[in-house]
Amino acid sequence: MNHVDRARNLKLVFILSSVVIGIGGLYLFFFSSSYVSAQKYVNPLVYHLSSDEPWRATVAISDATTLLKLGHNVTLLLSVEGVQIGVMHPHHYLGLNSLTGNVTNFIADGGNVIICEVCLRIAGYNNSDIIDGAIIGKPEIISNLLSNATVIDY
């Protein structure tokens with residue numbers, strides 16, 4: 001290999017190293033605690049769960065809990081069949097008791113839970129049936145919540 005080829009190879013190695021270091025720096029920036037802490041003051045995240053299907057509900061609650069622990073402002077919005085995991089005694093045949101426990105833990109960790117009032121009534125429940133710390137989602141509450149939020153739908 002002559003001097004010109006070596007010089008080109010060294011230049012190529014330098015360029016590739018710079019790119020890798022640059023990407024690594026971006027990775028460190030986006031996953032650093034200061035970046036994550038700053039993000040909790042941006043717009044809130046709303047996990048909209050309209051299903052009482054255990055797999056879907058488990059993933060939604062798990063994701064919401066993970067982002068909450070990373071410092072984000074996270075709300076779990078329960079509607080349609082999803083209201084079942086926001087009540088103290090979901091219909092026993094659905095087997096949702098562990099999921100309602102996860103929602104209770106989410107609230108205890110600082111998460112917000114809003115339950116669609118109309119959906120709650122259609123499912124046969126009333127306001128006194130919801131788990132401690134959950135909020136009944138009246139139209140003005142939901143309107144304020146969704147006006148500046150990123151919504152993740154399950």
Side-chain angles (χ1 to χ4, degrees), residues 15-154:
I15 291 170
L16 289 174
S17 297
S18 298
V19 169
V20 169
I21 290 169
I23 291 171
L26 286 175
Y27 177 84
L28 288 174
F29 172 74
F30 284 118
F31 293 98
S32 71
S33 60
S34 60
Y35 177 78
V36 170
S37 295
Q39 292 305 300
K40 79 175 165 180
Y41 300 109
V42 182
N43 62 327
L45 299 174
V46 175
Y47 276 80
H48 174 229
L49 179 60
S50 60
S51 173
D52 61 3
E53 191 274 316
W55 189 346
R56 184 178 303 208
T58 298
V59 172
I61 296 166
S62 175
D63 285 357
T65 301
T66 298
L67 289 176
L68 179 68
K69 288 180 180 181
L70 286 173
H72 293 273
N73 175 2
V74 184
T75 298
L76 185 60
L77 174 60
L78 305 175
S79 68
V80 193
E81 292 97 359
V83 300
Q84 292 282 352
I85 65 165
V87 295
M88 289 182 281
H89 304 290
H91 295 297
H92 69 278
Y93 61 85
L94 294 175
L96 300 175
N97 289 334
S98 64
L99 287 173
T100 58
N102 291 343
V103 173
T104 300
N105 293 339
F106 176 76
I107 293 170
D109 289 343
N112 305 304
V113 174
I114 297 177
I115 300 173
C116 170
E117 186 173 34
V118 173
C119 303
L120 189 67
R121 302 260 182 277
I122 291 171
Y125 296 102
N126 60 51
N127 293 14
S128 63
D129 293 320
I130 66 172
I131 59 177
D132 290 337
I135 299 168
I136 297 296
K138 305 219 177 267
E140 56 275 1
I141 291 173
I142 293 176
S143 174
N144 287 335
L145 173 68
L146 298 177
S147 67
N148 191 29
T150 299
V151 179
I152 300 100
D153 196 34
Y154 279 88

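Numbers for residues simply follow the sequence, beginning at 1. All figures in this text were calculated on a predicted structure; none of them were measured in a lab. Hydrogens, waters and symmetry mates play no part in the numbers below; they use all other heavy atoms, side chains included.
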Do you know which two heavy atoms are closest between [X] and [Y], and how far apart they sit?
{"X": "Ala60", "Y": "Leu49", "value": "CB-CD1, 4.2 Å"}
{"X": "Val46", "Y": "Ala149", "value": "CG2-CB, 3.6 Å"}
{"X": "Ser50", "Y": "Val80", "value": "O-CB, 3.6 Å"}
{"X": "Ser51", "Y": "Ala57", "value": "O-CB, 4.3 Å"}

- Message: Enumerate the salt bridge (charged side-chain N to carboxylate O under 4.0 Å, His left out) contacts for residues 49-60, please, sequence neighbours excluded, ordered by first and then second residue.
- Response: none
- Item | Of all pairs that satisfy salt bridge (charged side-chain N to carboxylate O under 4.0 Å, His left out), the ones with a partner from residues 74-89, not counting sequence neighbours | none
Please list every donor-acceptor pair under 3.5 Å in which a side-chain atom of residues 61-68 meets a protein atom from a residue at least two apart or in another chain.
| residue | atom | partner | partner atom | Å |
| --- | --- | --- | --- | --- |
| Asp63 | OD2 | Tyr154 | OH | 2.5 |
| Thr65 | OG1 | Ile61 | O | 2.8 |
| Thr66 | OG1 | Ser62 | O | 3.0 |

- Task: Working to the nearest 0.5 Å, report the span between CG of Leu76 and CD1 of Ile115.
- Result: 9.0 Å
- To the nearest 0.5 Å, what is the distance between OG1 (Thr150) and OH (Tyr47)? 10.0 Å
- Would you please test Arg121 and Asn126 for side-chain contact (heavy atoms from CB on, under 4.5 Å) and show each step? CA-CA 6 Å; Arg121 302 260 182 277; Asn126 60 51; 3.9 Å; yes
Atom pairs and distances, donor-acceptor, side-chain atoms in residues 131-145, under 3.5 Å, two or more places apart:
| residue | atom | partner | partner atom | Å |
| --- | --- | --- | --- | --- |
| Lys138 | NZ | Glu117 | OE1 | 3.2 |
| Lys138 | NZ | Glu117 | OE2 | 3.0 |
| Asn144 | ND2 | Glu140 | O | 3.2 |

Show me the donor-acceptor pairs within less than 3.5 Å that the side chains of residues 100-110 make with the rest of the protein, sequence neighbours left out.
| residue | atom | partner | partner atom | Å |
| --- | --- | --- | --- | --- |
| Thr100 | OG1 | Asn97 | O | 2.8 |
| Thr104 | OG1 | Thr100 | O | 3.0 |
| Asn105 | ND2 | Gly101 | O | 3.4 |

- Message: I'd like to check Met88 versus Ile130 (side-chain heavy atoms, cut-off strictly below 4.5 Å). Are they in contact?
- Response: no
- Item | Any side-chain heavy-atom pair of Gln84 and Tyr125 under 4.5 Å | yes
- Item | side chain to side chain contact (heavy atoms under 4.5 Å, CB included) partners for Asn112, two or more places apart | Asn73, Thr75
